[in-house]
Each structure stands twice: as structure tokens, then as C-alpha cells.
There are 2 protein chains.
Amino acid sequence: MRMGEGVEWAVHCCLDLAWVGDRAVPAARLAAYYDLPAAYLNKQLQALARAGLLTSTPGPRGGFRLARTPERITLMDVVSAIEGPDHAFRCTEIRRRGPGANHADHSRCAVDQAMGVAELAWRRELAAQTVADVMATVQRTNPDVPDRVRRWFTT
Amino acid sequence: MRMGEGVEWAVHCCLDLAWVGDRAVPAARLAAYYDLPAAYLNKQLQALARAGLLTSTPGPRGGFRLARTPERITLMDVVSAIEGPDHAFRCTEIRRRGPGANHADHSRCAVDQAMGVAELAWRRELAAQTVADVMATVQRTNPDVPDRVRRWFTT
DNA sequence: GTTTTAGTACTCGGATAGGCCGTGTCCGAGTGCATCTGG
DNA sequence: CCAGATGCACTCGGACACGGCCTATCCGAGTACTAAAAC
């Protein structure tokens with residue numbers, strides 16, 4: 001049960017893009033800010049763009065920017081865009097295999113159901129928190145961060 | 001974000017061991033019931049034994065049995081035993097790297113905090129469901145399963 | 001001075017290798033049972 | 001017939017390969033800007 005680190009990168013980049021505003025920021029610049037491999041970060045941002053969270057513009061003065069306001073981007077959107085839409089627990093229906101299989105039974109696997117309940121709670125909590133919420137948390141503990149970020153990216 | 005399939009195997013095996021009762025069941029027999037690789041399933045059951053969920057007895061008439069009653073084994077216990085105690089989202093503190101790093105800031109990463117809230121909800125739901133609960137669900141939809149399992153494993 | 005045009009530098013985007021963890025397999029240590037042997 | 005010893009079959013337990021996905025990288029297509037040149 002391990003989440004790719006691209007999720008962390010993506011959320012931080014969304015925060016920065018929100019603070020910068022409507023100005024496009026290249027992937028290379030975001031990578032430089034966090035000292036990350038530029039090409040790979042670009043890959044993650046592409047995933048966000050495919051999911052409709054970011055808009056990408058090529059050429060000089062191009063880059064990425066938020067496709068919607070931070071209030072309308074949830075952490076669930078980001079996680080789903082990077083990690084894919086699949087559930088963490090994938091029921092392979094082992095109860096249908098081997099001598100104990102009951103092919104007449106078409107009910108849902110109880111184990112899958114129980115795991116699904118837990119995973120649904122996880123997704124619900126992710127969907128309840130928006131990028132704007134995280135921005136507010138950062139600004140509450142570090143009020144100078146937004147301006148620092150904006151200045152660094154706009155120079 | 002992908003959970004190892006060993007978790008599914010482990011939960012199903014816990015159900016079967018609970019239905020069988022206090023009789024020890026070898027890993028090979030459990031593997032045969034679901035048509036799974038025996039040695040690998042043994043590995044997973046070893047993990048459950050290390051976590052204190054099962055007791056293992058070697059030699060003839062040996063095997064695995066539940067170390068506690070099904071009411072006192074939660075799905076969180078099983079998942080934690082198989083997948084390990086680590087959190088799915090591991091904050092690597094990229095905000096401390098690169099030119100934007102603020103080394104004077106010792107506050108907690110807001111992204112990690114937000115992800116932690118969601119993951120905590122997931123763990124809470126897993127801890128709220130016991131093996132006995134899943135057993136009850138199965139018996140509700142398929143009342144004949146417990147006896148079928150008991151008979152197959154005790155013959 | 002204005003317009004056209006060619007060049008150039010910069011950006012994303014997808015196609016291409018490397019490394020680590022989950023998956024699968026194997027053999028050895030230990031235990032309990034059954035059998036055999038001696039009294 | 002009974003007690004002890006012996007061999008054996010069975011089980012877990014940890015050590016050893018294989019493959020797929022995450023990580024990382026490179027190069028090409030497309031675009032906007034710049035600058036020069038022609039009118």
C-alpha cells in the first residue's frame with residue numbers, strides 16, 4: 001500500500017500555481033523550485049492536464065496553469081489524476097476459484113464490500129478537502145509563504 | 001495506489017479459520033481451497049502469525065489457527081500485518097528542498113496533514129469492522145457457506 | 001515607418017531505458033506420530 | 001502385553017530468483033517571439 005510520490009509533487013505544484021495566479025509556469029521552473037527531476041515532474045503535470053485540472057500552453061511564455069479555481073479542485077481529483085481511477089483493493093474473486101467455488105452464488109464478495117466501505121470513507125475525506133483549504137492551512141501557519149512563492153515564480 | 005492481493009487471501013483465510021474452529025489448518029490446504037500458490041500463501045500467513053493474529057504449530061496435524069476470537073480481529077489488523085505499518089502517503093518534505101526552502105519553518109507540512117486526515121478515516125473504518133462482522137455478512141447472504149467450509153476443511 | 005518573413009528559442013508531449021518492490025519458488029529445521037524392538 | 005527407541009512424514013520458516021510497475025530520461029512537434037529585410 002504505497003502511494004506514488006508524484007501525488008505530493010502534484011499537490012504542491014497546484015498550491016504554487018494557485019498562488020501565482022493566471023500566469024503560466026513551465027514545468028522546469030516548478031521542478032527547479034523543489035529541486036526535482038524536470039522531465040518526470042512534467043509527466044505528472046501532463047496527467048493533471050489530461051484530467052482537466054490544469055491547462056497547458058506550449059511555446060515561449062507557456063507552461064501550466066490551473067484550469068479551475070482552487071475551491072473547485074479537490075485532493076481526490078489530484079490523487080485520481082496521478083494514481084489512476086482504480087480502487088486500492090481489487091477483489092480477484094478467489095472465492096470463485098478452487099473446489100469451494102459456488103458458481104450459483106452471484107452475490108457480492110463480503111470482503112470486497114467491507115474494504116469498499118473503508119476506501120469510500122477515504123475518498124470522501126479526500127473529496128471534502130480542496131486545494132483552497134490546504135492553501136488556507138498554509139497561510140494560517142506561514143502567512144509569508146504565498147507572497148514568497150508568487151515573487152519567486154514571477155521573477 | 002495498489003494494495004497487494006495478499007490482503008484478500010488473508011481475510012478469506014481468517015474467515016475460514018474462524019468457521020473451522022480450533023482445529024489447525026495447514027497453509028497447503030487453504031491454498032488448495034482457493035487454488036492459490038501454497039508457498040506464497042504460507043508467506044502471508046506467516047506475516048499474520050508474526051502480527052499475533054494467528055498461531056502456528058509445526059509438524060503433522062499442525063497448521064494455522066486464529067489466535068483470538070473473530071470479534072477481536074479487525075480488518076485494520078489484517079491489512080497492517082500484510083501491508084506493513086507505513087502510511088500510504090509518505091511526505092518527503094519537498095518544500096524543504098530547492099531555493100524555496102524555509103529552514104526556519106518547523107511546522108507540519110499542510111499537504112501531509114490533509115492526506116493524513118483522509119488516511120485516518122480509512123484506518124478508522126477498517127478498525128471498526130471485525131472478522132466477525134464480515135462473517136455475519138456472508139452468513140446473511142449465503143447461510144450455507146459456513147457449514148460447507150467447515151465440512152470441506154475437516155474432511 | 002510599416003509590413004512581411006524567416007529564424008530561433010522555448011514549451012509541452014509521448015516514446016524509451018533503469019531500479020525497486022511485490023510475486024513466486026525452493027529447501028532446511030523442527031515436531032509429532034507410527035512402527036518396530038526388546039523386556 | 002507394555003515401554004522405549006527409532007524412523008518418517010508432515011509442517012512451518014526463512015533464504016533465493018523473476019516480473020511488473022514506478023521512476024527517470026531523451027528527443028521530436030508545435031508555437032510565440034525576435035529581428036531582419038523589403039516596400
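These numbers come from a predicted model, not from an experiment. Numbered from 1 within each chain, the chains take letters A, B, ... in sequence-line order.
- Atom P of nucleotide C:dA15 and atom NZ of A:Lys43 are separated by 9 Å, given to the nearest angstrom.
- Within a 6.0 Å radius of CZ in A:Arg97, more than 12 heavy atoms belonging to other residues, nucleotides or ligands are found.
- Sorted by first and then second residue, the salt bridge (charged side-chain N to carboxylate O under 4.0 Å, His left out) pairs with a member in residues 2-13 of chain A form an empty list; sequence neighbours excluded.
- Partners of B:Tyr33 under the ring-ring contact (aromatic ring centres under 6.0 Å, His included) rule, at least two apart in sequence or in another chain, are B:Trp152, B:Phe153.
- B:Gln46 places its CD atom 13 Å from the C1' atom of C:dT25, with the value rounded to the nearest Å.
- Separating the CD atom of B:Gln44 from the C1' atom of C:dG22 is a distance of 9 Å, rounded to the nearest angstrom.
- DNA chain C is contacted by both A:Ala39 and B:Glu83; A:Ala39 maps to the nucleotide lying nearer its 5′ end (nearest heavy atom per residue).
- Residues from residues 11-32 of chain B placing a heavy atom under 4.0 Å of any atom in DNA chain C do not occur.
- Following rounding to the nearest Å, A:Met1 (CE) and C:dC21 (P) show an atom-to-atom distance of 17 Å.
- Rotation axes derived from the C1' atoms of the five outermost pairs at either end of the helix from C:dG1-D:dC39 to C:dG39-D:dC1 lie 0° apart, to the nearest 10°.
- Contact annotation: the side chain of A:Leu45 approaches that of A:Cys13 to within less than 4.5 Å [non-hydrogen atoms, C-beta and beyond].
- In this structure, CZ of B:Arg2 is placed 19 Å from P of C:dC20, rounded to the nearest angstrom.
- Residues A:Arg72 and A:Asp77 form no side-chain contact, since every pair of their non-hydrogen atoms from C-beta on lies 4.5 Å or further apart.
- Annotation: side chain of A:Thr57 is in contact with side chain of A:Arg65 (closest heavy-atom distance under 4.5 Å).
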| request: With side chain to side chain contact (heavy atoms under 4.5 Å, CB included) as the test, would you mind laying out the steps for A:Arg23 and A:Arg61 before giving the verdict? | output: CA-CA 9 Å; A:Arg23 185 173 174 145; A:Arg61 313 284 293 173; 4.2 Å; yes
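- Close approach of DNA chain D to chain A, defined as any atom under 4.0 Å from a non-hydrogen atom of the protein, starts and stops at D:dT23 to D:dA32.
- A single hydrophobic cluster is not seen to contain both B:Val117 and A:Val11; linkage of ILVMFWY side chains at heavy-atom distances under 4.5 Å, directly or through other members, places them apart.
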Show which side-chain atoms of residues 104-111 of chain B pair as donor or acceptor with protein atoms under 3.5 Å away, not counting sequence neighbours.
residue  : atom : partner  : partner atom : Å
B:Asp105 : OD1  : A:Asn142 : ND2          : 3.4
B:Asp105 : OD1  : B:Ser107 : N            : 2.9
B:Asp105 : OD1  : B:Ser107 : OG           : 2.7
B:Asp105 : OD2  : A:Asn142 : ND2          : 3.4
B:Asp105 : OD2  : B:Arg95  : NH1          : 3.3
B:Asp105 : OD2  : B:Ser107 : OG           : 3.2
B:Ser107 : OG   : A:Asn142 : OD1          : 3.3
B:Arg108 : NE   : B:Asp112 : OD2          : 3.4

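- Rounded to a whole Å, the OH atom of A:Tyr40 is 18 Å from the P atom of C:dA17.
- Between A:Pro58 and B:Ala38, the one whose closest nucleotide on DNA chain C sits nearer the 5' end is A:Pro58.
- When side chains are defined from C-beta on, A:Thr130 does not count as touching A:Ile73, because their heavy atoms never get closer than 4.5 Å.
- Under 4.0 Å is where a charged nitrogen must lie from a carboxylate oxygen, and between B:Glu119 and B:Arg123 at least one such pair does.
- Both B:Arg50 and A:Leu41 sit near DNA chain D, but only B:Arg50 has its closest nucleotide nearer the 5' end.
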